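Right, one structure below, let's go through it.
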Amino acid sequence: MPLGALRPSPLVEQAAQRLRDQITAGHWPVGTKLPGETTLARELGVGRSTVREALRALAGAGLVRPRHGAGVFVIATEPAEDWPARLRRAAVTDVYEVRMGVEVQAARLAARRRTDEDVTALRAALEDRRTAAAGDDAGFVDADIALHAAVVAAAHNPVLTGLFTEFLPVLREGLVTLLDLTRLREEDPGTGDDTHAALVHAIAAADPDRAAAVLLTELERTLELLRERG
């Protein structure tokens with residue numbers, strides 16, 4: 001099947017997409033060795049460097065793998081799903097279980113590493129959460145997440161911060177739905193205020209064991225509600 005010459009720009013993206021289309025359509029099944037760079041360049045009407053970059057992009061997507069001295073081979077007909085997409089499809093309880101590990105460790109580190117500025121930010125976030133208790137569920141969840149984000153930020157670990165940020169869209173949606181289903185805030189608009197206050201106090205007091213224990217208790221309680229409503 002001829003690949004057809006490409007339009008002028010952007011050549012690498014076009015080349016990668018054309019090759020991807022051939023792979024996903026089954027023209028080159030898994031295990032097949034792709035034609036050489038020279039052949040592909042001729043069929044696509046581009047230079048070998050463009051083909052090389054396109055193949056690198058396909059390798060990053062998990063579709064092909066170069067073998068030293070042997071060539072480039074197809075290893076999958078569908079691109080590897082990226083982490084954000086996988087999180088969007090995951091059950092909120094699964095995400096929450098991982099969140100617990102991330103945040104409990106973050107709370108422990110925050111109690112050891114927090115600065116005066118972090119403590120100020122935590123106390124401000126706690127007050128914002130209390131203020132948001134007078135509003136709707138979505139606003140309350142946003143304020144709650146902002147407080148948890150301040151805890152993670154106080155850990156001063158960019159990897160933990162990055163992981164927590166990836167979880168946020170799924171967590172927010174799940175928590176808003178949970179509050180809507182359980183009506184927890186009808187009798188207690190600021191649900192969880194005592195534990196969140198205790199968490200902030202433990203971090204300010206530089207008590208990592210207490211901070212971790214308080215947060216674990218709070219997250220386990222929410223996870224149990226999510227499972228019940230699952």
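Scope of the values below: all heavy atoms of this structure, side chains included, with no hydrogens, waters or symmetry mates. On a predicted model such as this, the values are computed, not experimentally measured, just so you know.
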How about [X] and [Y]: do any of their side-chain heavy atoms sit closer than 4.5 Å?
X      : Y      : answer
Leu171 : Val95  : yes
Leu184 : Leu225 : yes
Arg130 : Glu127 : yes
Thr195 : Thr217 : no
Val12  : Arg56  : no

Heavy-atom neighbours of His201 NE2 exceed 12 at 6.0 Å: no

Pair listing, side-chain hydrogen bond (donor to acceptor under 3.5 Å, both in side chains) test, anchored in residues 175-191, at least two apart: Asp137-Arg185

Under the 3.5 angstrom rule, does the side chain of [X] hit a backbone N or O of [Y] as a donor-acceptor pair?
X      : Y      : result
Arg129 : Ala143 : no
Arg172 : Asp142 : no
Lys33  : Ala70  : yes
Thr161 : Asn157 : yes

Can you tell me how far [atom2] of [Y] sits from [atom1] of [X], rounded to the nearest 0.5 angstrom?
X      : Y      : atom1 : atom2 : result
Thr165 : Leu160 : OG1   : CG    : 10.5 Å
Met100 : Glu218 : CE    : CD    : 10.5 Å
Ile23  : Thr77  : CD1   : OG1   : 9.0 Å
Tyr96  : Leu175 : OH    : CG    : 5.0 Å
Thr50  : Leu44  : OG1   : CG    : 9.5 Å

Worked verdict on Arg227 versus Glu97 for salt bridge (charged side-chain N to carboxylate O under 4.0 Å, His left out): CA-CA 11 Å; Arg227 285 172 173 157; Glu97 288 174 352; 2.5 Å; yes

Minimum heavy-atom distance between [X] and [Y], given as atom pair plus value:
X      : Y      : result
Ala54  : Ala15  : CB-CB, 3.7 Å
Val104 : Ala212 : CG1-CB, 3.8 Å
Thr222 : Leu178 : CG2-CD2, 3.9 Å
Ala211 : Ile203 : CB-CG1, 4.0 Å
Ala198 : Arg210 : CB-NH2, 4.3 Å

Salt-bridge contact Arg108-Asp209 (side-chain N to carboxylate O under 4.0 Å):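 Salt bridge flag = yes for Asp209 with Arg108.
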
Check ion pair Arg221-Glu224 (N to O, under 4.0 angstrom): no

Under 3.5 Å side-chain donor-acceptor pair for Asp21 and His27: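 Side-chain D/A pair, Asp21 to His27: absent.
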
Within 45° cone of Phe73 ring axis and under 6.0 Å: Arg67 NZ or CZ: yes

